[in-house]
Amino acid sequence: MKNYTVDARLIGLFEKLAALNPPIGEMIAALNIVLKESGEKIENEEDFLRFLEQVEGE
């Protein structure tokens, strides 16, 4: 199970994207740009759901 480096910047980006309600693929692509900085990537639905769990837990 993947763990992501979830910080305030990433949470802020996620919240802004969620407010815009883009297609999931576009949201994941935008998140992956930031996640790439720490060598991480959302690659599939399971990864995205795990990311959501971590964001909601913060």
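Since the model is a prediction, treat every value here as computed from it, not as a measurement. Position 1 is the first residue of the sequence; numbering continues from there.
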Item to check | Pairwise side-chain hydrogen bond (donor to acceptor under 3.5 Å, both in side chains) hits with a residue in residues 2-17, at least two apart | outcome: Lys2-Glu43, Lys2-Asp47, Asn3-Arg50, Thr5-Glu40, Arg9-Glu37

Item to check | Partner of Gln54 under side chain to side chain contact (heavy atoms under 4.5 Å, CB included), chosen from Val6, Leu49, Ile11 | outcome: Val6

Checklist entry - Does Ile24 have any side chain to side chain contact (heavy atoms under 4.5 Å, CB included) partners at least two apart in sequence or in another chain, and if so, which? => result Ile28, Phe48

Checklist entry - By side chain to side chain contact (heavy atoms under 4.5 Å, CB included), which residues pair with Glu46, not counting sequence neighbours? => result Asn44

Item to check | Phe51 CZ to Asn32 CG distance, which is reported to the nearest 0.5 Å | outcome: 9.0 Å

Next on the checklist: If the condition is side chain to side chain contact (heavy atoms under 4.5 Å, CB included), which residues does Leu17 pass it with, not counting sequence neighbours?
Outcome noted: Leu13, Met27, Ala30, Leu31

